[in-house]
Amino acid sequence: MTNRMGKFSIDRRAYDDVVITTPVSLPYVRFSEQSAHWWIGRALRALVDGSGIEARDIDGFCLSSFTTAPDTAIGLAEHLGLSVRWLDHVPLGGASGITGVRRAARAVQSGDCDVVACIGADTNQRGSFGNTLANFSRFSQDAVYPYGAGGTNASFALIARNYMEQFNVSREDLGRIAVAQRSNALKNPNALMKEPLTLDQYMNARPIADPIHLYDCVMPCAGAEAVLVMRQDTARACGIAGARLRGSIERHNARSIEPMQTSGGWVEDVGELYSMAGVGPDDIDVVQTYDDYPVICMMQMEDLGFCRKGEGAEFVRSHDLRIEGDFPHNTSGGQLSCGQAGAGGSYVGLTEAVRQVLGTAGDTQVKGANLALASGFGMMTYTRGLSSCAVILSGEGA
Amino acid sequence: MARQKPYDGVAVCAPVTVPYARYSDKTAHWWTGSALAALSRQTGLGPADFDGFCFASFSAGPDTVVGMVQHLGLSPRWIDHIPTGGASGVMALRRAARAVQMGDAEIVACVAADTNQIDSFRQTLQGFSRFSQDATYPYGFGGPNATFALIADNFMREYGVSREDFAKLCVAQRANALSNPFALMKKPLTHEQYMQARPISDPIHLFDCVMPCAGAEAFIVTTPEKAQELGLSTARLAATIERHNAFPEDPVQTRGGWARDIDDLWSAAGCGPQDMDMVQLYDDYPVIVAMQLADLGFSEKPELSRFIADNDFTITGSLPLNTNGGQLSAGQAGAAGGFQNVTEGLRQILQTPLGDQVPDARRALISGFGLVNYDRGICTGAAVLEQEVLR
Amino acid sequence: MSDPLTPPKRKDPLVVTHAGHVPPALRSRAATAMAARAGLGRFVLQVCDDCARATYPQRDRCPFCWGELSWQDQPDGAVIEAQTTIRSSIDLFFKDHLPWRIGSARLDAGPMATVHLHGDVGQGDRVRMELKLDRSGNPALFAMPEKETPHMADDPQLRVFTADPKYRRILVTDGRTETGQAVAEALLKAGAKTVFLGNADPLMRYPGQDRIEAAPGIEPVRLSLTDTRSIAALAGQLGGRVDIVVNTAQFARQGGVGFGGNLNDLQSGLDLEVTGLMRLAQGFAPALSGRSDDGDRSAAAFVDIASIHGLTGRAGFAGSSAAAAARLSLLASLRGEMARTGIRVISVLTGPVDDGWHQNVPPPKTAPAQIARAVVTALQQGQETICADEVAKDVLTRWQDDPLLTIREENK
Amino acid sequence: MSKTVLADLAVALASGQVRVIDLTNTLSPDFPVIVLPAEFGQCAPFRMEKLSRYDADGPAWYWNNISMNEHTGTHFDAPAHWVTGKDLPSNTVDAIPAQDFVAPAVVIDISAESAADADFVLTREFLENWETEHGTIPPDHWIALRTDWYKRVGTPEYLNLLEDGAHSPGPDAGAVEFLVHDRKCVGLAVETVGTDAGQASTFNPPLPAHSILHGNGRFGLQCLTNLDKLPTFGAIIVACPLKIEGGSGSPLRVVALVEGETA
């Protein structure tokens, strides 16, 4: 691994004894008549029920959602009766969960608050997906959406096609990722997809925007994911198990002058991620990449150091990505098979990673998982994912 | 409950105010770019040099911080989006300071910007929050004026504060504004004019209200080493507090979240109200200024009237208040109104005021208040800034 | 090469007309500024006043140095780096037009852009970019083959952005004038199926009548823009069949305002050119709108030919210029209305036309053939504003640069 | 004349013994107006814009705004219409005594001649011959020129405008002088668009009907219909122009009263 730190010489401080606890994944529904406020309230309730911490002791709140308008985090705090001394609103799409947890970790570490509820939630009413797309960003309004209104599918099709040609990646290679995730999802009772997926089915799926076909796409749905962030002493006092935050990175609008996106912002910071955590890619037991499209998973396998750029196809051919495989990847089934609950999707890998290192993943549990990596990717405001982030977690034994 | 750790290794510098305009045909993106261009002129830093960015605005939609990052060519490794109006300056300061302190970023540009196109204010009000849509604006669409009229009416009766007292605050702020070339209000305000102003929503009268405008405010949070390298004067962040939705059980707002955290602020800062050389308080209405004077420990509420009478709030007075004129006299540039308390406090202690200098200014108390989601402002924050190095 | 367009078949009367949708219309102010230039057929990008680098998408500040941006004409070359065919879209307009091809273009000017692709271009190709307007009147980057290809204009995706007269049925309002006749002939030459040629007074012959009415494709119709009833009657008869309306009405008379002006001329001019335009729009705009996305036979455009001096006023032609001003103003509003339904509203701006009413005006003057060419070009390009001649170009350029100065100059 | 005349008339009208013939063309945008060389001001045709028709602009009522020239459709020419009559007293429609709007008519049939020659010119000689056959034209009568031109309404042959101008029948100066001075006519009532012949601007003097009639305080009635339904003698024409202040003429409804079975 090369450390790509550029002119900024400042060292990231360790997170000391910050832990992430109480992973909550509410069962998704394809369409919901409830509001995002409702889903967020339900997630808070699950955090309280799951941790035994009382609502009034939650003194930090970090929210990510696309569908709370006109409210933001503060409106939700009043709506749901939270009185907090630290509050953050993280509107970063698929990068929200990990970014939110990073913010919360610094807040509890600095004593700015004690317990932060971090929630990603969105409702999915008929029309809300289109509404989110249409109002996503100014660039998308001005320069993407009017070009076919293909939403992210069209934009990712352009990235995927370029990537596949440049690095000799076939649809079969990408299919392996989707098929393995579906296999994992069948062990996750919350996953919306209940049927197995074969490589044949993947290959023969109807095209959406070449080369993106049906099983390359996530299914928008309603749902919520959440965690609590606190210091180890707080967790111990409450008798809650937590995953330690060993290292994390984020980056926005990296390498914007490259004509086509072939890597995410991770490549700028990945050295620091591992050096902070004191481990290397080989030490990671389970990997949860952000899977809006399989091609992005492959990009992350490269950018996060599991193989070199251009070797992603060979990597997925030579590894078994299932729970029981040698490279357990997106063990809950990921968004591709669980569904994408808007900004909640940014927490899917994180909550699963916490469960894995705490050994509470149930049927999707990877045996002996102690070190997990989860990454996030989001904000397709124009022609590329603008925001990227990653986190390494370890179980308490680590 | 954990106490805040000190802000070691953090320097606050480079206050920027982009001159306000009553109405602007530009966008929030333009105003944000103007603020960054001003930071650039002051520091020589360009888009590639900032690795942190913190942003507050009401009028950048559909974009948030990350859209702004792309729009303006930044490539940061830490960003934050702060949609809390009048509390956003203190919150940005806190977030950026922790990011720098923890090594998550080294140079954070904190920017608040809002435009004010002919119909923006009405639109902002209309789309402000679900509670306001459902439960306040249908009751007369008086905007914040009506909400604060209820708060003021209650506060004045409860604590014996009068319009005469508010007049003193407003007249002092106007006097301060006259030395600030960027202030939108250019004419003196007399006590008599204040008292005879036309009523807006009893007991709120014309000069109790701010004037919405377009503008941008910015500052930089970095390490002392970096600041030295850039040749920037710096301030130290002595202590901060923040609180949201405090005291929801109070039937009418008579206090803000400061009241819950004030001890934490002064003990972490290692000083008290008496040590402040000035106060930069969020002044959407003078009643809120009075509330802060009490909640931040300068006076008990029942003694407010006397406290106001006993003090001189002009730049050279006993307790200089909102030395740029505050929003009441300089204008309220949306979310930038929540930053001007930081930039003005910073400028005074760095000895680079827009107008007249507060004599021997070394310490400033900054206080923010924001987001009338329903019937009260629910975001509060405060910070103590101290002069560190003048360059 | 593109498949050549075939003449549309007669419509099956039992099939419901396809409802017209338009592409997403929500855009930033900067994008709208780009549209204003796209409408003139320019290829522009924002360029930084300080560092001179071009940027895209539309911004309000330079992303390289935070300098101020201004719109500038830019080299229109590009290379397609990636392409896709969209086969699923949640937008009503695009859903109706699937599959839809787009690509990532590396513009010679610098930035990358998501662009619409002509059928004859694909990944790796060098292309010529055009800045078009989409059916909602917003800017659209369109990648064209670098060199002309067979039947290039017939590309179905391109035709969404144009109003090509080929195979279309067109109403030209005033066949009694030389301009009306020249426009009708040029449209037929450009492939129009039928030109319905208006005649305000069929009881009176007019110069050139025998020749023009005998031309294949011409169908004379009774139409007087000053007579609401005649428009209603014609719209009732042709409304569902006309794809393009071209208003060639003009009433130019010399005269001042306080000195030498003629009130009757002004009234007649206003009635014909201004009230007449509104009558025409009220008669035909709803029917056009209803068929804005009806396949090959879709309605496409409303064209109005007016004096450039509507922008400035003009000494000696005060009343005529006032009528033109009102006409341009009405047309701007109509453009906004029609953008919601996908009909292009085109302004053809002219200098003094070389006719009997401008005998005292020294050359250069606008020949009816020039106006006809401009009408055809604007339709083929999907352009929103076009100058028919050098005088109009000159006034427009000066007016864009300094409106108040140009107003003074033109009224000296 | 006894006091029972009007009562008798009422009975005659009710019984059909006296019939009312409509001599008026319908005012419509399609009805042609006189065409002058383009550099002159042009006669405005009839135009109508609906104000409301039991709709949002007027739920219970229907009405229109109309506009036209004073000389549009079936219309009346007052002496002030022509420069020769500009200084006469009571020369505008509002000033003409109402008495003058009701007068008997003598119908001179030149329909065969007009059919044979669109440029047929009515001369004094023709009139004198006519009198020989039909009797002397009495004073204070409208002279109604039956040309059957009204049957051409709705065709180009009505204006009959060729490259050298309009072609329609009308009197020469001698004929008009004769009618005005020797027969004391009220005015000239025609079916064509003007009292003068289509080519009368080439006559010497030009436009004799307008010039001589109006110069002597006589009236014109143009664009009439149904003159073929009137008897040669005995019809009474009722032609009341709108009372337009200082008006040179006016569109109007013209009717004729005729007796008995006469067609």
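Order of the sequence lines fixes the chain letters, A, B, ..., with proteins taken first and strands second; residue numbering starts at 1 for each chain.
- For chain B, the nearby part of A:Leu82 is the backbone; its heavy atoms alone come within less than 4.5 Å.
- With a 4.5 angstrom heavy-atom cutoff, A:Phe136 touches chain B only via backbone atoms.
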message = Determine whether B:Glu242 and B:Arg95 satisfy the following criterion, salt bridge (Lys or Arg N to Asp or Glu O under 4.0 Å), listing intermediate values before the conclusion.
response = CA-CA 11 Å; B:Glu242 169 182 339; B:Arg95 297 288 179 282; 2.8 Å; yes
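- No other option in B:Val69, B:Thr64, B:Asp80 has as many heavy-atom pairs under 4.5 Å with chain A as B:Asp80.
- Most heavy-atom pairs under 4.5 Å with chain B: of the set A:Val108, A:Thr99, A:Val115, A:Asp71, this distinction falls to A:Asp71.
- For B:Glu225, no part sits under 4.5 Å from any heavy atom of chain A, backbone or side chain.
- The contact between B:Leu74 and chain A is made entirely by backbone atoms, counting heavy-atom distances below 4.5 Å.
- Interface remark: B:Arg3 contributes backbone atoms only to the contact with chain A (heavy atom separation under 4.5 Å).
- Proximity to chain B is limited to the side chain of A:Gln141, based on heavy atoms less than 4.5 angstrom apart.
- Here A:Glu78 is the residue among A:Arg102, A:His79, A:Gln109, A:Glu78 with the most heavy-atom pairs under 4.5 Å with chain B.
- Within the 4.5 angstrom heavy-atom criterion, atoms from both the backbone and the side chain of A:Ile74 approach chain B.
- A salt bridge is absent between B:Glu106 and B:Arg77; no separation between the charged side-chain nitrogens and carboxylate oxygens falls under 4.0 Å.
- Heavy-atom distances place both the backbone and the side chain of B:Tyr374 under 4.5 Å from chain A.
- Heavy-atom distances place no part of A:Ser256 under 4.5 Å from chain B, backbone and side chain included.
- Under a 4.0 Å N-O distance rule, the pair A:Arg231/A:Asp114 qualifies as a salt bridge.
- Looking only at heavy-atom pairs under 4.5 Å with chain B, the residue among A:Thr381, A:Thr234, A:Leu386 that has the most is A:Leu386.
- Side-chain atoms of B:Ser40 never come within 3.5 Å of backbone atoms of B:Leu36 as a donor-acceptor pair (strictly under, hydrogens ignored).
- The residue among A:Thr68, A:Asp59, A:Leu87 with the most heavy atom pairs within less than 4.5 Å of chain B is A:Leu87.
- In this structure, the ring of A:Trp86 has its center no less than 6.0 angstrom from the ring center of A:Phe61.
- Using cut-offs of 30° and 60° on the angle between ring planes, the pair B:Phe128 and B:Phe58 is tilted.
- Per-residue heavy-atom pair counts under 4.5 Å with chain A were compared for B:Leu371, B:Asn373, B:Ile79, and the maximum is reached by B:Ile79.
- Of the atoms belonging to B:Thr222, not a single heavy atom falls under 4.5 Å from chain A.
- Salt bridge status for A:Arg138 with B:Asp63: absent, with no side-chain N to carboxylate O gap under 4.0 Å.
- With respect to A:Arg12 and A:Glu272, a salt bridge is recorded, a charged nitrogen being found less than 4.0 Å from a carboxylate O.
- Residues A:Arg85 and A:Asp112 are not paired through a salt bridge, judged by the lack of any N-O separation under 4.0 Å between the basic side chain and the carboxylate.
- Residue contact with chain B, scored on non-hydrogen atoms closer than 4.5 Å, involves the side chain of A:His37 exclusively.
- Within the 6.0 Å centre-distance limit, the rings of A:Phe139 and B:His71 are counted as a close aromatic pair.
- Contact of A:Val90 with chain B is not made at all, since no heavy-atom distance falls under 4.5 Å.
- Between B:His81 and B:Phe55, the ring-plane angle classifies as tilted under the 30° and 60° cut-offs.
- When each of A:Asp57, A:Val84, A:Asp233 is checked for heavy-atom pairs under 4.5 Å with chain B, A:Val84 comes out on top.
- Note on A:Glu268 versus A:Arg255: salt bridge recorded, some NZ/NE/NH1/NH2 to OD/OE distance being below 4.0 Å.
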